[in-house]
Amino acid sequence: MTVDLVEHLQHAFGAAADPGLAAPMRAYMRERFEFLGIQSVARRQLTVGVLREAARPTAEPDVLAVARACWALPEREYQYFACDYLIRHVRLLSPAAVPVLRELITTKSWWDTVDALASNVVGPLVTAFPPLVSTMDAWTEPGTDLWLVRTAILHQLKYRTRTDAGRLFDYCERWQAEPDFFIRKGIGWALREYAKTDPARVRSFVDSHPGLSALSAREALKHLTR
């Protein structure tokens, strides 16, 4: 199934490739990735068509195999498909998927795929299997790949009232001095989302942590007023 699906995907995406669009898309991503030149709306439409004709996976290994096959292809649109595919079939995943997800997060890493995996795949997986919070804790230990750190910080992004605020604040405090832009932005984003649920607690956290970067604090308080 994996081979047939990926071959069908390559045929569909390849036929829709537009080199004229690929160049600016590549430039937007700082020349880090090759692109076919398929914009998001068209790509989603193609994805729907490909999946409509594909057999629905029934087991975790099939889902992970498709994702890894897409990650091995050079053009970024295939990694976007992999993220969409994982999100679509996240209920088939178990803790056994964590090593593969870690591989995807730390390979061809950038905010576009990492953020999709963090809040839409890793987050639901941790909800389904609560002991995986220990993995999130491990991913925020000193010396960890920064994209894993960002994933752990953002994995509760859609939890709302289910957010473990203590764990969120601990992660943010642990990494507040990190100079990396994506960690600072991730901290601010995670706090801003939780502020929609408990604005007073987020403001208290920011006020009591002067060590937070200006970027993190500004993002956290973006929609709050004194």
Arg32 atom CZ, over 12 foreign heavy atoms within 6.0 Å: yes
Let me confirm one number: the [atom1]-[atom2] distance from [X] to [Y], rounded to the nearest 0.5 Å.
X	Y	atom1	atom2	answer
Glu173	Ile187	CD	CD1	10.5 Å
Tyr78	Cys83	OH	SG	15.0 Å
Asp170	Ile153	CG	CD1	10.5 Å
Phe81	Gln10	CZ	CD	11.0 Å
Arg88	Asn120	CZ	CG	14.0 Å
Leu212	Arg218	CG	CZ	12.5 Å

Using the side chain to side chain contact (heavy atoms under 4.5 Å, CB included) rule, pick out the option among Leu125, Leu104, Val122, Val66 that qualifies with Leu86. Leu104
Is the shortest side-chain heavy-atom distance between [X] and [Y] below 4.5 Å?
X	Y	answer
Leu64	Leu93	yes
Phe182	Lys185	no
Trp71	Thr113	yes
Trp139	Val98	yes
Ile38	Leu21	no

For Lys222, check side-chain hydrogen bond (donor to acceptor under 3.5 Å, both in side chains) against everything at least two apart and list the hits. none
Please work out which of the three classes, parallel, tilted or perpendicular, describes the rings of Tyr171 and His155, given edges at 30° and 60°. tilted
Taking the inter-plane angle between the rings of Tyr85 and His89 on a 0 to 90° scale, is it parallel (under 30°), tilted (30 to 60°) or perpendicular (over 60°)? perpendicular
Okay, side chain of [X], backbone of [Y]: is any donor-acceptor separation there less than 3.5 Å?
X	Y	answer
Trp189	Leu154	no
Glu77	Phe13	no
Thr197	Glu193	no
Gln79	Cys70	yes
Ser109	Thr107	yes
Glu178	Asp180	yes

side-chain contact (heavy atoms from CB on, under 4.5 Å) filter on Thr144, not counting sequence neighbours, yields Glu141, Leu148, Val149
Residues in side-chain contact (heavy atoms from CB on, under 4.5 Å) with Thr163, at least two apart? Gln156, Tyr159, Leu168, Tyr194
Candidate pair Leu191 and Glu219, rule side-chain contact (heavy atoms from CB on, under 4.5 Å), full reasoning: CA-CA 8 Å; Leu191 292 173; Glu219 287 294 318; over 6 Å; no
Shortest non-hydrogen contact from [X] toward [Y]:
X	Y	value
Leu224	Ala220	CD1-O, 4.3 Å
Gln176	Gly211	OE1-C, 3.3 Å
Arg26	Phe33	CG-O, 3.1 Å
Arg174	Thr140	NH1-OG1, 2.7 Å
Val6	Ala69	CG2-CB, 3.9 Å
Ile105	Thr151	CG2-OG1, 3.6 Å

Can you list every pair that meets side-chain hydrogen bond (donor to acceptor under 3.5 Å, both in side chains) and has a residue in residues 33-48, with sequence neighbours left out? Arg43-Asp84
Steps toward side-chain contact (heavy atoms from CB on, under 4.5 Å) verdict (Trp110, Arg76): CA-CA 11 Å; Trp110 202 238; Arg76 197 61 167 167; 3.8 Å; yes
Trp111 and Met29: CA distance, side-chain angles, deciding distance, side-chain contact (heavy atoms from CB on, under 4.5 Å) verdict: CA-CA 10 Å; Trp111 61 266; Met29 285 296 172; 3.6 Å; yes
Derivation and outcome, side-chain contact (heavy atoms from CB on, under 4.5 Å), residues Met136 and Leu132: CA-CA 7 Å; Met136 298 298 97; Leu132 285 177; 5.9 Å; no
Residue pairs passing the salt bridge (Lys or Arg N to Asp or Glu O under 4.0 Å) test with at least one member in residues 152-169, sequence neighbours excluded, are Asp137-Arg167, Asp164-Arg167
Residues passing the salt bridge (Lys or Arg N to Asp or Glu O under 4.0 Å) test with Asp18, sequence neighbours excluded, are none
